[in-house]
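Along the sequence shown, residues carry numbers from 1. Excluded from the calculations below are hydrogen atoms, water molecules and symmetry mates; all remaining heavy atoms, backbone and side chain alike, are included. In this text, all values refer to a predicted model and were calculated from it rather than measured experimentally.
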Amino acid sequence: MKYLVVSDLHGSSYYANKLKDIYNKENPDNIILLGDLYYHGPRNPLTKEYNPMEVSDILNSFKDIILCTRGNCDADVDEMISEFKFEDYIRISISNNNFFFTHGHKYNIDNIPENTDVLVYGHFHTGFIKRQNGVLCINSGSIALPKDNTKNSYLIIDEKEIVLKDVDGNKIDNILYK
């Protein structure tokens, strides 16, 4: 299985269209969205080509392969325009590793859930790969609103490797985790 992981679109139709390009290039089996899909949030500027309804149309076109976690900016109305379900978190076993996917505002490198080998989240808009107390902690960064001089980014996860990439597909960092 190959997973494309994206976080923090914040209503950017520009980066939702980039997601379509990334999907076509990477050809994943599933897309995991880590929340904050439509609303930009009161502390963030408007994203490039801010258009939440167009973002929902693009994401709904992938509804059969989307797994999605709820972000701190996601509301009930966001689920109403989405043809896929929002979860608080997603647990998946990949190569006998317990992966925990979440937005990051509750669980993150400073609050790691039990029985987790690999924690994957967004929320902070800064992509990285680190180890903390024996757990691999991965932040996908933000595809639309990166912070702290990081790049617009996403993750590719397969059976042996996690790769952090910029939106042009260039590798930022990677780790073999088997």
Look only at the side chain of [X] and the backbone of [Y], and say whether a donor-acceptor pair between them is shorter than 3.5 Å.
{"X": "N108", "Y": "G104", "result": "yes"}
{"X": "Q132", "Y": "D110", "result": "no"}
{"X": "D74", "Y": "G35", "result": "no"}
{"X": "N60", "Y": "I81", "result": "yes"}
{"X": "N44", "Y": "L145", "result": "no"}
{"X": "N152", "Y": "I143", "result": "yes"}
{"X": "N97", "Y": "S93", "result": "no"}
{"X": "D158", "Y": "K2", "result": "no"}
{"X": "S82", "Y": "D78", "result": "yes"}
{"X": "T116", "Y": "V118", "result": "no"}

**Complete:** Partner of L4 under side chain to side chain contact (heavy atoms under 4.5 Å, CB included), picked from I31, L155, I32, N30, is I31
Same hydrophobic cluster for [X] and [Y], using side-chain heavy-atom links shorter than 4.5 Å among ILVMFWY?
{"X": "I58", "Y": "F84", "result": "yes"}
{"X": "M1", "Y": "I66", "result": "no"}
{"X": "Y3", "Y": "F100", "result": "no"}
{"X": "L34", "Y": "I92", "result": "yes"}
{"X": "L164", "Y": "L136", "result": "yes"}

Looking at [atom1] of [X] and [atom2] of [Y], how far apart are the two atoms once the value is rounded to the nearest 0.5 Å?
{"X": "H123", "Y": "S142", "atom1": "NE2", "atom2": "OG", "result": "11.5 Å"}
{"X": "K130", "Y": "I175", "atom1": "NZ", "atom2": "CD1", "result": "13.0 Å"}
{"X": "D168", "Y": "I22", "atom1": "CG", "atom2": "CD1", "result": "8.5 Å"}
{"X": "I157", "Y": "S95", "atom1": "CD1", "atom2": "OG", "result": "11.0 Å"}
{"X": "D76", "Y": "F86", "atom1": "CG", "atom2": "CZ", "result": "10.0 Å"}
{"X": "N139", "Y": "D173", "atom1": "CG", "atom2": "CG", "result": "12.0 Å"}

**Donor + acceptor pair across side chains of D36, H103 (<3.5 Å)** = yes
**Prompt:** Going by atom types alone, do E49 and S12 pair a side-chain donor with an acceptor below 3.5 Å?
**Reply:** no
**Item:** salt bridge (charged side-chain N to carboxylate O under 4.0 Å, His left out) contacts touching residues 52-63 (sequence neighbours left out)
**Value:** K63-E83
**Asked** What do the steps show when you test M53 against Y38 for side chain to side chain contact (heavy atoms under 4.5 Å, CB included), and what is the final call?
**Response** CA-CA 8 Å; M53 285 307 295; Y38 307 123; over 6 Å; no
Contact summary for [X] and [Y], nearest pair of heavy atoms:
{"X": "V6", "Y": "S140", "value": "C-OG, 4.5 Å"}
{"X": "N96", "Y": "D117", "value": "O-OD2, 4.1 Å"}
{"X": "N111", "Y": "K106", "value": "ND2-O, 2.9 Å"}
{"X": "S7", "Y": "G122", "value": "OG-CA, 3.5 Å"}
{"X": "G141", "Y": "D8", "value": "O-OD2, 4.2 Å"}
{"X": "T102", "Y": "Y107", "value": "CG2-O, 3.6 Å"}

**Request:** Look at E79 together with K85 and state whether they make a salt bridge at an N to O cut-off of under 4.0 Å.
**Result:** no
**Request:** Could you tell me whether D88 and R70 make a salt bridge, using a distance below 4.0 angstrom between a side-chain N and a carboxylate O?
**Result:** yes
Report, as yes or no, whether the 6.0 Å neighbourhood of atom [atom1] on [X] holds more than 12 heavy atoms from other residues, nucleotides or ligands.
{"X": "K147", "atom1": "NZ", "answer": "yes"}
{"X": "N170", "atom1": "CG", "answer": "yes"}
{"X": "Y89", "atom1": "OH", "answer": "no"}

**Asked** Got L59 and V55 here, is their nearest side-chain heavy-atom distance under 4.5 Å?
**Response** yes
**Prompt:** Is there side-chain contact between I94 and E159, with at least one heavy-atom pair below 4.5 Å?
**Reply:** yes
**Message:** With side chain to side chain contact (heavy atoms under 4.5 Å, CB included) as the criterion, how do V120 and V5 come out once you've worked through the C-alpha distance, each side chain's angles and the decisive distance to 0.1 Å?
**Reply:** CA-CA 9 Å; V120 182; V5 182; 4.1 Å; yes
**Item:** Pairs meeting criterion ring pair (Phe, Tyr, Trp, His ring centres under 6.0 Å) with involvement of residues 124-149, two or more places apart
**Value:** H10-H125
**Asked** In the hydrophobic cluster built from side-chain contacts under 4.5 Å, what are the other members alongside Y50?
**Response** Y39, L46
**Request:** Compute the centroid of each ring, for F62 and then for Y23, and state whether the two points are separated by less than 6.0 Å.
**Result:** yes
**Asked** Would you call the rings of Y177 and F99 parallel, tilted or perpendicular if under 30° counts as parallel and over 60° as perpendicular?
**Response** perpendicular
